[in-house]
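Comments concern the structure below.
In what follows, every chain begins at residue 1, and chains take the letters A, B, ... in the order their sequences are listed.
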2 protein chains.
Amino acid sequence: MGRITITDIAKKLKVAPSTVSRALNNHASISEKTKNDVIALAEKLNYEPNIMAINLLHRKSNLIGVIVPHITSHFYSAIITSIQDMLSNTTFNLMVCISNESFEEEVLLIQKLEKLHVDGVLICTSSETNNFDHLKKMQNKGIPVVVFDRDCSGLKADKVLVDCYSGSFEAVESLIQSGCKKIAHLAGPQNSSTTKQRLNGYLDALKKNKIPIIKEYIHHVSEFTFNSGIKASEVLLKLKNSPDAIFAVNDNIAIAAINVAKKMSIKIPEELSIVGFNDDPHSSFMTPSLSTVLQPIFSIGMLSARILLHHLKGVNTKIEFRHEVFKTELIIRESSKFL
Amino acid sequence: MGRITITDIAKKLKVAPSTVSRALNNHASISEKTKNDVIALAEKLNYEPNIMAINLLHRKSNLIGVIVPHITSHFYSAIITSIQDMLSNTTFNLMVCISNESFEEEVLLIQKLEKLHVDGVLICTSSETNNFDHLKKMQNKGIPVVVFDRDCSGLKADKVLVDCYSGSFEAVESLIQSGCKKIAHLAGPQNSSTTKQRLNGYLDALKKNKIPIIKEYIHHVSEFTFNSGIKASEVLLKLKNSPDAIFAVNDNIAIAAINVAKKMSIKIPEELSIVGFNDDPHSSFMTPSLSTVLQPIFSIGMLSARILLHHLKGVNTKIEFRHEVFKTELIIRESSKFL
DNA sequence: ATATTTTGTGCAAAGGTTTGCATAAAATTA
DNA sequence: TAATTTTATGCAAACCTTTGCACAAAATAT
């Protein structure tokens, strides 16, 4: 026995399906009696409208896609949670997609979302991505795209970003002010926009303070993971002229650095200061607790979703793209000296 | 200009829509020429079938719903990742839903998924849930439900669980064997099935080893979070007869305990052994690194998905429900003594 | 009592695709 | 050449809902 439809109700009540439809949708010109009869029967039969039919009719899926590199880090899972929160009292449903930091998979996901006829897309591109044709294609189909966290330079779209450059600059300058002279940087995978910004902040802070830039002190990890951080930290801390501070591209890498340093009996922060990026929840429980740069995760997610919703409500059809940049906040804990 | 449809192609080629449909679906009785013409034009016009129409026709959404208490913990985000992996080469799409450990929200999510006409559901119930009518209702509508991680006792459904009882028993017994005599348990929220199992494992390990059970040593946290763990640990460690070991219901709580103990200058593991549950990635980077009970996360996710897929492929219509239970693995690190 | 407005309902099309059945055209066989 | 089979295509229904338009019946105004 299939699901109960509007026609079933119509037959039992000996009225037309259209009447049932109007009764259920509380249309004005339906008599009280019919309306009540229909609603009562619908209730009794546990009727539920067939969304697929409605979607087909409205040419609209009520689906929003979100693509992130992964969800196993606190940053992205929290962003998704905040987007969900924002969407919870709307008619939209969220389709969560994971690119695994792979450009290829990301393109496939975009294609999948196109096939699903999503109404809009939120995306943080993979660290490999530097071609945005797939996103442009979506836009050309009339599907609004909101980019968050990682910039897509050259792409014209709404963007919700974080001023990593300043966050990084501030972090490194605080290291300098606390007396560190040999500051290394564990940078992220080469291509990523946040990697670049954080590296630039690091470089400019050094330049501004007339501290020579040493190539050996800049080491790119292959991935944003603990293990990647371990390898990189070992290289860095085994240099003959080893650094007295490490600014890491994120908390995981910084935590890896803490562990390597401790294993080598390097005292933190006396001999080595370490600062991370993100303020993951467990970072404050490390020993020493990790100094880091906080990003306003919930604001990023919520604003991204809100901007997309604005588009979908069709309020502003031809307004130019928004470009929002959040500020970070430096949090000094035990892993770096307080000046 | 709307999307290009099969009828558009038909008109341009002066054939019937059905012919176009058959050509695109590689139907046998279509001439090579027509087939090629259609495919060429479809390609050129960038035609994509309208899934909503197909879904309506097939009375099938190709959607699978997964409900978890939250995704900001590594455990659930990894489970979801593994489910996604399992589904990636099928035609199914995954709709991720977060209940926020709330029964009320969970019921709402189930209703939402029903409205979306999902083909199947994977669920780990909220810690508040002990009524399963919402799940039974789904099943009655013919939607297969696979329960994972947390048991729903009394519900007849496929289940993919972990033998927390044994994992917990083993962990506590290892504490006993290493010489601990006053073993406390930081238990989870009262209602959750995993909480109960872990508590029972703890109790039975004590009983078997003739260690008296002390009520004060069993403390339920209100939530599975760090902060909840901090409060509970403080209560526990400030007892006049304070414990010499803590078995925590999960790693977050255990890590909170480590931090409280350190703040109180209690030496770990000499004066206090601590064992957690889950093996979160950051647990091994703590100081001391956390002893814990590993759960085979990826296996849980993959098997759950596989069982659901089996149902959806309609292979086994009337086979009884599966009940799979994975074993855990005790990992001894620095936070507990090695006997 | 007739003309006009209001009220309540039904018809049919639209949204895009698939598929069983019918049929015309072509190819084969007798 | 006529009869039969094969091949290729089209028609129309089905999936379920919404909605503009039409229309009958009832209520109001003249």
Atom CZ of A/Arg59 to atom C1' of D/dT17: distance rounded to whole Å? 15 Å
How many whole angstroms separate atom CD1 of A/Ile9 from atom P of D/dC16? 13 Å
Is any side-chain heavy atom of A/Asn26 closer than 4.5 Å to a side-chain heavy atom of A/Lys35? yes
Can you pull out how bent the helix from C/dA1-D/dT30 to C/dA30-D/dT1 is, comparing the axes over its first five and last five pairs, to 10°? 60°
Give one of base, sugar-phosphate or nothing for B/Leu56, where a contact means two heavy atoms less than 4.0 Å apart. base
Any chance you could measure B/Phe224, atom CZ, to B/Phe75, atom CZ, to the nearest 0.5 Å? 10.5 Å
Any base atoms under 4.0 Å from A/Leu57, or only sugar-phosphate, or nothing? Heavy atoms, all strands. base
Contact under 4.0 Å: A/Tyr47 side-chain N or O vs D/dT17 OP1/OP2: yes
We want to know whether B/Asn55 and B/Ser61 form a side-chain donor-acceptor pair, criterion being a heavy-atom distance below 3.5 angstrom. no
Length of the CD-C1' vector between A/Glu48 and D/dC16, whole Å: 14 Å
Does D/dT19 have OP1 or OP2 sitting under 4.0 Å from an N or O in the side chain of A/Ser18? no
Determine whether the side chains of A/Thr129 and A/Ser126 contain a donor N or O and an acceptor N or O closer than 3.5 Å. yes
Within the 4.5 Å heavy-atom criterion, are B/Gln84 and A/Ile71 side-chain neighbours or not? no
For B/Lys60 and B/Asn62, does a side-chain donor sit closer than 3.5 Å to a side-chain acceptor? yes
Taking NE2 from B/His117 and P from D/dC15, how many angstroms apart are they, rounded to a whole number? 14 Å
Among B/Glu128, B/Glu106, B/Glu101, which residue meets the salt bridge (charged side-chain N to carboxylate O under 4.0 Å, His left out) test with B/Arg150? B/Glu101
Does a donor on one side chain and an acceptor on the other come within less than 3.5 Å for B/Ser99 and B/Ser102? no
DNA chain C-proximal residues of residues 21-37 of chain B, any heavy atom under 4.0 Å: B/Ser21, B/Arg22, B/Asn25
Rounded distance in Å - CG (B/Leu13) to P (D/dT9): 10 Å
So where does chain B start and stop touching DNA chain C, 5' to 3', when the test is distance under 4.0 Å to a non-hydrogen atom? C/dG16 to C/dG20
Confirm from the modelled atom types if A/Thr5 and D/dC15 form a donor-acceptor pair under 3.5 Å, side chain to base only. no
Can you confirm whether the side chains of A/Asp158 and A/His311 place a donor and an acceptor under 3.5 Å from each other? yes
Is there side-chain contact between B/Leu113 and B/Met138, with heavy atoms separated by less than 4.5 Å? yes
Could you verify whether a donor N or O on one side chain and an acceptor N or O on the other, from B/Tyr47 and B/Asp8, lie under 3.5 Å apart? no
